Amino acid sequence: MSRNRTYRKPLGVVMSHHIRNRRIRKAGVAALIAAASAVALTACGSNDSSSDAKGSPSSHASSSAKSSQSDASVHSQAGNQSGNQADKQAATLGGGTDKARAATECQPGTLRAKLDTAGISQAGMNHRGTFLRVTNTGDETCVISGYAGVALEGAGHTAIETTARHGSTYFATDPGSHPITLAPGKSAWADLVWTTTGASTAHAKYLQISPTGSNSHSTVPFAQDLDNGTLSLTAWSSKPPING
């Protein structure tokens, strides 16, 4: 006698199908979530790009442009100021050209030296004095400064040992070495003083005068008896130096 048998799937197999279905559904949901996230990210990326294009980059570009323009303006102003300063300096140098020419040192060949009292008596307390006077005989303005060179000569133009002391004299205050501008025909002055106490008297007949202290000199009569062959003299001045 046959029996009807109902075929049943094994419980393990049924559970396996259920598990697989759940995994498929979960995978599908995960895929949908991933797709949605991708869309959202794409939208966000698009918005950010648009914001950058319309916002920050433009703002930075505008700021950079303004900064560049500002820098250009500053450089332009600096350039103009430099140019103006250069023009001023050029004008100053240009204006000083004539002065520079006028400041040319006087040449010995254009100077004539002599002794001149200038109408002033210099005598007292065993001191005697006169002035050295140098005149520009050239055609151009020149400058002289410092102290003259002097040397004594005896009879027959024999050399006498001479000591020249630079500075203030018994009768005049030394003005110090400074440039004296001499136009053609103009003169500079220096005070020349010596003592006459009878100490080691030198009997001079001539005096050599070198206006610029060079070897070029003028020789003038100077018949004086003076102590120790010593002369004191001031620096060149624009007028006869004398104490009031």
Side-chain angles (χ1 to χ4, degrees), residues 88-122 128-194 204-224 226 229-244:
K88 289 179 181 178
Q89 291 178 350
T92 300
L93 292 175
T97 302
D98 292 338
K99 292 182 180 180
R101 290 173 181 167
T104 301
E105 184 178 353
C106 293
Q107 299 303 309
T110 63
L111 298 173
R112 184 180 73 249
K114 66 177 184 177
L115 299 178
D116 192 337
T117 64
I120 299 172
S121 175
Q122 297 188 69
R128 300 289 184 272
T130 188
F131 295 110
L132 301 179
R133 180 179 180 180
V134 62
T135 303
N136 179 11
T137 62
D139 298 327
E140 296 183 358
T141 298
C142 63
V143 169
I144 190 171
S145 63
Y147 299 84
V150 292
L152 296 168
E153 291 183 357
H157 293 282
T158 56
I160 296 176
E161 185 176 350
T162 306
T163 299
R165 294 177 176 172
H166 298 165
S168 296
T169 69
Y170 186 80
F171 302 103
T173 300
D174 182 31
S177 179
H178 63 289
I180 305 297
T181 300
L182 296 180
K186 297 298 180 180
S187 300
W189 305 76
D191 194 35
L192 180 71
V193 175
W194 59 96
K205 295 298 180 180
Y206 304 95
L207 178 68
Q208 295 179 7
I209 306 172
S210 174
T212 62
S214 66
N215 290 329
S216 178
H217 62 270
S218 300
T219 303
V220 299
F222 186 70
Q224 300 290 336
L226 62 160
T230 300
L231 295 167
S232 297
L233 69 156
T234 63
W236 290 117
S237 179
S238 58
K239 60 183 181 179
I242 195 73
N243 293 336

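Along the sequence shown, the residues carry numbers beginning at 1. This is a predicted model, so every value here is computed, not measured.
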Taking the side chain as every heavy atom from C-beta outward, state whether [X] and [Y] have any atom pair closer than 4.5 Å.
X	Y	answer
S187	V134	no
F171	I242	yes
Q224	L152	no
W236	L132	yes
F131	Q122	yes

TODO: Could you pull out all residues at least two apart from R133 that satisfy salt bridge (charged side-chain N to carboxylate O under 4.0 Å, His left out)?
DONE: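 By the salt bridge (charged side-chain N to carboxylate O under 4.0 Å, His left out) rule, R133 matches D116.
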Exercise: identify the closest heavy-atom pair between [X] and [Y]:
X	Y	value
A172	D191	CB-OD2, 3.4 Å
P240	A118	CG-CB, 4.1 Å
A235	S177	CB-N, 3.9 Å
I160	A204	CD1-CA, 3.9 Å

Roughly how far, to the nearest 0.5 Å, is [atom2] of [Y] from [atom1] of [X]?
X	Y	atom1	atom2	value
R165	T234	CZ	OG1	15.5 Å
L207	K114	CG	NZ	14.5 Å
K186	T181	NZ	OG1	12.5 Å
L182	E140	CG	CD	13.5 Å
I144	T110	CD1	OG1	9.0 Å
R112	S218	CZ	OG	9.0 Å

Side-chain ([X]) to main-chain ([Y]) donor-acceptor, under 3.5 angstrom:
X	Y	value
S237	K239	yes
T169	S232	no
T173	S168	no

List for me each residue that meets ring pair (Phe, Tyr, Trp, His ring centres under 6.0 Å) alongside W194, sequence neighbours excluded, and say none if there are none.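 By the ring pair (Phe, Tyr, Trp, His ring centres under 6.0 Å) rule, W194 matches F222.
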By the side chain to side chain donor-acceptor pair (under 3.5 Å) test, which pairs, at least two apart or in different chains, include something from residues 144-156?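 Residue pairs passing side chain to side chain donor-acceptor pair (under 3.5 Å), neighbours aside: Y147-D174, E153-H157, E153-Q208.
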>> Would you say T212 and S214 are linked by a side-chain donor-acceptor pair, where the criterion is simply a distance under 3.5 Å?
In response: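 Distance-only check passes for S214 and T212.
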